Amino acid sequence: MGGKYDPKAIESKWQLFWEKTDLFGVAQEPDRKKYYLLEMFPYPSGKIHMGHVRNYTIGDVVARYKRMQGFNVLHPMGWDAFGMPAENAAIANKTHPAKWTYDNIDAMRTQLKRMGFSYDWNREIATCKPEYYRWEQWLFLKMFEKGMVYRKESLVNWCETCQTVLANEQVEAGMCWRCGKPVRQKNLWQWFFRITDYADDLLAYCDKLPGWPEKVITMQKNWIGKSLGAEIRFPVENSGDHIAVFTTRQDTVFGATFMCLAPEHPMVRELSKGTAQEEKVSAFIERMATQDRSVRTLETYEKEGVFIGAYCINPLNNRRMPIFTANFALMEYGTGAVMSVPAHDQRDLDFARKYGLEIVVVVAPPDRDLESATLREAYADEGKMINSGKFNGMDSKKARDEIASYLEEKGIGRKTVNFRLRDWGISRQRYWGAPIPMIHCKTCGIVPVPEKDLPIILPENVELPEAGGSPLHQMDYFSKTRCPACGSSDARRETDTMDTFVESSWYFERYCSPDYNTGMFDTGAVDYWMPVDQYIGGVEHAILHLLYSRYYTRVLNDLGLVKYKEPFTRLLTQGMVCKETIHCPEHGFLFPGEAEDRETKKFCRKCGTEVALGRVEKMSKSKKNVIDPDILLKKYGADTTRLFCLFASPPERDLEWSEQGVEGAFRFLNRVWRLGETWLDSIRSVAPFDGNPDDLNGEPRVLYKKTHQTIKKVTTDIEERFHFNTAISAIMELVNAMYGIETETKAPDTAGVMRFAIESAALLLSPMVPHFAEEIWEALGRKPSILKAPWPSYRKDALLKEDRMVVVQVNGKLRSKFIVDADTEDDTIRELALADERIRKFIEDKPVKKIIVVKKKLVNIVV
RNA sequence: GCCUGGGUGGCGGAAUAGGUAGACGCAAGGGACUUAAAAUCCCUCGGCCCAUAGUGGCUGUACGAGUUCGAUUCUCGUCCCAGGCACCA
């Protein structure tokens with residue numbers, strides 16, 4: 001201290017001190033309790049953005065807090081370094097994805113260090129390094145051995161003009177984002193992980209994750225989407241074939257009047273072949289291939305279909321049912337075929353009306369009659385069975401069970417479980433990813449790469465095609481190889497790379513032994529550190545990343561590599577930092593700095609055109625609605641930036657970006673600083689008071705109690721809810737209280753209490769503004785680092801309140817309040833309330849019906 | 001569209017078990033200090049109403065109903081916003 005608060009000077013001073021003393025480096029210490037705190041690692045996009053700053057500040061507070069509580073804290077950081085933006089940047093700037101990525105990593109590492117986060121940088125990893133992904137390839141081979149991986153045909157977005165596969169993000173309104181031409185669906189052979197084998201287990205464990213937010217659990221359950229139902233076989237007319245359908249409403253089979261197949265269903269072409277409908281069907285399939293799959297499932301989307309020229313037979317009543325192919329039937333769900341029951345399903349009803357199909361009511365609601373001729377809304381609820389042969393009169397719920405059994409008996413169906421969850425397609429037709437270690441041999445077929453040949457290194461000497469897409473399959477020196485089985489030279493490597501979600505499904509294990517080179521990780525290290533005690537990241541990952549990680553952990557568990565099934569014991573999903581987007585008709589999305597304010601409007605700096613202000617949405621590089629934290633860092637320093645992020649809102653809530661308030665955070669730190677300056681001389685050589693509050697009187701007594709109350713408030717706010725904003729408010733109140741005390745006060749205990757209060761404030765603030773707290777701590781004559789000091793504890797006897805405010809209501813409306821001693825009985829409070837003059841005015845002579853007394857808090861008089 | 005959240009002053013937010021709505025901070029306005037400014041400190045601050053200016057009245061937590069002595073909090077319905085929807089990460 002000494003002089004003005006100068007964040008730049010003290011922040012670099014302490015960052016150097018931490019680095020020199022390797023303060024954040026950790027090792028396994030079997031006797032100490034470990035705490036693994038993990039934040040979702042970033043994609044190295046070039047600069048950290050406010051979302052990172054918020055996420056990592058929250059994590060850092062918890063890491064430092066747990067450390068002060070005596071835990072051996074593992075707090076690592078690394079890079080989710082494979083992914084599409086590197087390829088896009090490579091095309092745009094003619095830089096190699098690897099160079100772009102490593103440069104970005106260097107820049108972002110510097111920024112993170114500048115923020116003062118307590119990472120053990122010795123454990124840094126980057127997933128694009130062969131030392132990392134070789135073990136992912138190794139696991140792929142193990143999974144292949146165990147039959148946990150397979151290949152099948154599946155659809156991708158294909159741009160004919162660019163001759164390339166597009167990510168969903170690269171398709172804008174059905175058009176290619178590069179050339180603007182329509183995108184079509186194309187079938188490719190791709191690799192899949194059998195995540196559905198674990199669907200039941202993943203679902204069951206949802207209820208064994210008490211440390212996870214309820215909403216994430218609910219989303220995962222719904223995503224897995226287990227439904228009980230039946231598979232029923234409908235024979236195709238004049239053919240030995242049959243169509244299998246999955247339904248949860250087998251009680252309505254008697255009402256099934258037609259059949260709908262997904263356009264991709266193999267039987268569509270087969271059955272329409274040679275019929276008058278063949279051409280129409282073919283055209284429909286073609287048209288559907290050009291449509292976005294997610295759009296197809298919209299309920300508002302016009303339902304349409306084509307009769308395929310064939311019929312099937314309802315196995316329960318022998319009704320002849322026309323077979324359609326329809327846009328709302330999805331190949332990915334169930335069997336790709338839907339038995340349509342128009343009376344009891346709205347979608348089917350719309351379709352039946354449109355094409356004039358038969359409607360038969362089979363479930364009668366308890367309170368009214370359904371007329372199939374006039375039916376407008378399908379009846380999807382329970383009721384009494386009608387028009388259903390021997391099941392008539394039965395309750396539909398019961399019939400569901402009975403019909404399922406009956407189908408099983410007759411051999412035309414069976415009870416079954418269906419999941420919405422689909423297998424995880426991991427093939428990417430991209431360059432910047434981990435190569436899939438497989439070989440296609442002309443004679444042997446698919447052959448795994450022998451373990452000794454790992455890693456299959458991604459070749460660095462490449463040029464990316466302008467239109468996007470992977471150059472790997474054209475690179476003979478990479479893809480031409482010998483078959484490891486027969487030795488033939490007529491073999492080619494798999495040129496697909498893995499989905500980047502695979503890397504992020506096990507990086508937390510790798511952190512435990514980042515340099516281990518004889519396996520994925522050192523079992524001893526993983527046994528000590530895993531599972532992650534607290535995981536922190538954006539809600540946008542609530543389903544995919546978290547579910548994939550849970551799945552991958554089960555695979556590791558089944559292969560005997562880890563002892564646990566769930567990787568993350570507690571989860572905090574932080575809300576997003578959002579901002580409005582700016583869109584120039586000429587130049588597309590603009591960064592905030594690329595638009596100029598003139599009066600109330602904004603204009604593009606490049607072309608001067610007025611720009612459109614878009615929705616407020618998640619800050620992302622592709623939308624350019626990002627704020628560069630460097631500006632805050634330069635102007636105010638890391639501590640103010642951290643404090644502001646924490647104070648702005650509770651972590652789980654979304655935060656619409658606004659700079660208002662940063663000034664306040666800075667001002668607060670200055671306030672604390674000056675408080676230290678003012679008192680330093682009078683408290684430097686005094687021991688902090690830590691006795692019984694009853695030994696104090698007057699202002700010191702009040703301040704002493706307030707300090708203990710603040711310690712309690714801050715501790716529970718962090719411990720129970722991570723509500724740093726209210727914790728900071730409490731410290732602000734404490735500081736305000738300290739300002740109320742005059743330096744000249746001659747009360748004997750003032751200095752001791754003041755020292756206690758200032759030290760407590762420094763300790764409580766230290767996880768949030770660590771550089772600042774170190775500086776104060778040192779000025780008070782304490783030995784650095786403050787991180788090694790224990791977290792303060794509070795005295796119960798200092799928390800007791802001496803008096804209480806009682807609120808008096810008449811008919812629920814606030815009419816009066818008064819203060820009583822904390823030990824006043826309820827009866828006395830009631831008498832005091834009734835005797836209150838302001839209350840009597842409201843009661844007048846009306847009879848008192850009821851009096852409610854809430855202990856030492858409130859009286860409500862009902863008249 | 002489906003799944004999951006959210007909506008409280010001019011703004012960020014608080015109210016943790018149904019019990020004083022607006023803690024703490026920002027912005028704004030007024031005042032003190034200063035030759036002046038910055039910084040700092042003090043005061044006011046949801047809206048409306050009043051001959052009584054008060055420890056005053058009414059109203060107010062997206063909207064509409066309901067449960068309750070009492071609802072920001074619970075229930076039902078509506079509107080709006082955000083996230084996810086399987087190749088952005």
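Note: hydrogens, waters and symmetry copies are ignored here, and every other heavy atom, side chains too, is used. Here is the naming used below: chain letters follow the sequence lines, and residue numbers restart at 1 for every chain. These figures come from a predicted structure and were not determined experimentally.
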>> Without decimals, in angstroms, what is the distance between A/Met498 CE and B/rA89 C1'?
In response: 18 Å

> Under 6.0 Å from the six-membered ring centre of A/Trp158 and within 45° of its axis: does the NZ or CZ of A/Arg184 meet both?
Replying inline: no

> Just how far is it from atom CD1 of A/Ile195 to atom CD1 of A/Ile426, taken to the nearest 0.5 Å?
Replying inline: 12.0 Å

> If you check every side-chain atom of A/Ser649, which of B/rC11, B/rG13, B/rA89 has the closest atom?
Replying inline: B/rG13

>> In whole Å, measure the gap between the C1' atoms of B/rC24 and B/rA15 for me.
In response: 12 Å

> If you measure from the P atom in B/rA21 to the same atom in B/rG1, how many Å do you get, rounded?
Replying inline: 38 Å

> Can you name the closest pair of heavy atoms from A/Val714 and A/Ala730 and give their distance?
Replying inline: CG2-CB, 4.5 Å

> What nucleotide among B/rC24, B/rA86, B/rG57 has an atom nearest to a side-chain atom of A/Asn168?
Replying inline: B/rA86

> Atom CZ of A/Arg815 and atom C1' of B/rU55: how far apart are they, to the nearest Å?
Replying inline: 13 Å

> Between B/rC87, B/rA27, B/rA23, which one does the side chain of A/Ser729 approach most closely?
Replying inline: B/rA23

>> Which residue is it: A/Arg804, A/Met805, A/Lys856? I am looking for the one with a side chain to side chain contact (heavy atoms under 4.5 Å, CB included) to A/Val820.
In response: A/Arg804

> For A/Glu652 and B/rU4, what is the distance between atoms CD and P respectively, to the nearest whole Å?
Replying inline: 18 Å

> If the P atom of B/rG83 is compared with that of B/rA32, how far apart are they to the nearest Å?
Replying inline: 50 Å

>> Heavy atoms only, 4.0 Å cut-off, all strands: where does A/Val616 land among base, sugar-phosphate and nothing?
In response: sugar-phosphate

> So what does A/Arg430 hit on the nucleic acid, given a heavy-atom distance under 4.0 Å: a base, only sugar-phosphate, or nothing?
Replying inline: base

> CZ/A/Phe647 to OG/A/Ser729 distance, rounded to the nearest 0.5 angstrom?
Replying inline: 4.5 Å

> Can a cation-pi geometry be assigned to A/Arg420 and A/Tyr333, taking NZ or CZ under 6.0 Å from the six-membered ring centre and within 45° of the ring axis?
Replying inline: no

>> Between B/rG57 and B/rU73, how far apart are the two P atoms, rounded to whole Å?
In response: 24 Å

> How would you label the contact of A/Pro42 with the nucleic acid (heavy atoms, under 4.0 Å): base, sugar-phosphate, or nothing?
Replying inline: nothing

>> Regarding A/Ile728, tell me which of base, sugar-phosphate or nothing describes its non-hydrogen contacts under 4.0 Å with the strands shown.
In response: nothing

>> Nearest to the A/Met576 side chain among B/rA82, B/rC85, B/rG13, which nucleotide is it?
In response: B/rA82

> A/Ala648 near the nucleic acid: base, sugar-phosphate alone, or nothing, with a heavy-atom cut-off under 4.0 Å?
Replying inline: sugar-phosphate

>> For B/rG64, does the O4'-C1'-N9-C4 or O4'-C1'-N1-C2 angle fall within 90° of 0, making it syn, or is it anti?
In response: anti

> B/rG6 phosphate, OP1 or OP2: any side-chain N/O from A/Arg653 under 4.0 angstrom?
Replying inline: no

> Between B/rC24 atom P and A/Met738 atom CE, what is the distance in whole Å?
Replying inline: 16 Å

>> With nearest nucleotide decided by heavy atoms, which residue, A/Lys813 or A/Phe501, maps closer to the 5′ end of RNA chain B?
In response: A/Lys813

>> When the C1' atoms of B/rG19 and B/rU72 are compared, how many Å lie between them, rounded to an integer?
In response: 13 Å

> B/rC85 phosphate, OP1 or OP2: any side-chain N/O from A/Arg420 under 4.0 angstrom?
Replying inline: no

> For A/Asn736 and B/rC24, is the shortest distance between a side-chain N/O and OP1 or OP2 below 4.0 Å?
Replying inline: no

>> With a 4.0 Å limit, can you tell me whether A/Arg838 has a side-chain N or O closer than that to the phosphate oxygens OP1/OP2 of B/rU55?
In response: no

>> Output the rounded distance in Å from CE (A/Met108) to P (B/rA89).
In response: 14 Å

>> Parallel, tilted or perpendicular, judged at 30° and 60°: which one describes the rings of A/Tyr43 and A/Trp100?
In response: tilted

>> With the threshold set at under 4.0 Å for non-hydrogen atoms, list the residues of residues 188-199 of chain A touching RNA chain B in residue-number order.
In response: A/Gln190

Using atom names, set out every protein N or O paired with an N or O of nucleotides 16-20 of chain B below 3.5 Å, distance rounded to 0.1 Å.
unit_1	atom_1	unit_2	atom_2	d
B/rU16	O4	A/Lys713	NZ	2.8
B/rU16	O4	A/Asp717	OD1	3.1
B/rG19	N2	A/Gln809	OE1	3.4
B/rG19	N2	A/Asn860	ND2	3.3
B/rU20	O2	A/Lys817	NZ	3.1

> Tell me: CG of A/Leu765 to C1' of B/rC24, nearest whole Å?
Replying inline: 14 Å

> Hey, does A/Gln429 reach any base, or is it just sugar-phosphate, or nothing, if we go heavy atoms under 4.0 Å?
Replying inline: base

> B/rC2 phosphate, OP1 or OP2: any side-chain N/O from A/Asn222 under 4.0 angstrom?
Replying inline: no

> So what does A/Phe842 touch, heavy atoms closer than 4.0 Å: a base, only the sugar-phosphate, or nothing?
Replying inline: sugar-phosphate

> C1' atom, B/rC80 versus B/rU8: distance in rounded Å?
Replying inline: 15 Å

>> If the cut-off is 4.0 Å, is A/Arg615 near the phosphate of B/rA82, judged by side-chain N/O to OP1 or OP2?
In response: yes

> So what does A/Trp424 hit on the nucleic acid, given a heavy-atom distance under 4.0 Å: a base, only sugar-phosphate, or nothing?
Replying inline: nothing

>> Can you work out whether A/Ser816 or A/Lys215 has the more 5'-proximal nearest nucleotide on RNA chain B?
In response: A/Lys215

>> Nearest to the A/Phe647 side chain among B/rC11, B/rC85, B/rG25, which nucleotide is it?
In response: B/rG25

> Taking the six-membered ring of A/Phe192, is NZ or CZ of A/Arg151 closer than 6.0 Å to its centre and within 45° of its axis?
Replying inline: no

>> Please report the distance, rounded to the nearest Å, between NZ in A/Lys4 and P in B/rA38.
In response: 16 Å

> For A/Glu733 and A/Lys706, what are the C-alpha separation, side-chain angles and deciding distance, and is it a salt bridge (charged side-chain N to carboxylate O under 4.0 Å, His left out)?
Replying inline: CA-CA 9 Å; A/Glu733 285 187 51; A/Lys706 176 87 184 169; 3.3 Å; yes

> If the P atom of B/rC81 is compared with that of B/rG70, how far apart are they to the nearest Å?
Replying inline: 35 Å

> What stems involve RNA chain B, if each pair must be Watson-Crick or G-U and both of its distances must be under 3.5 Å, with 3 or more such pairs in a row?
Replying inline: B:1-7 with B:79-85, B:10-12 with B:24-26, B:28-32 with B:40-44, B:46-49 with B:56-59, B:62-66 with B:74-78

>> If I take atom CZ in residue A/Arg667 and atom P in nucleotide B/rC41, what distance separates them, rounded to the nearest angstrom?
In response: 9 Å

> How long is the gap from OG1 on A/Thr218 to CH2 on A/Trp223, to the nearest 0.5 Å?
Replying inline: 15.0 Å

> Which heavy atom in A/Arg430 sits nearest to a heavy atom in A/Leu472, and how many Å separate them?
Replying inline: O-CD1, 4.2 Å

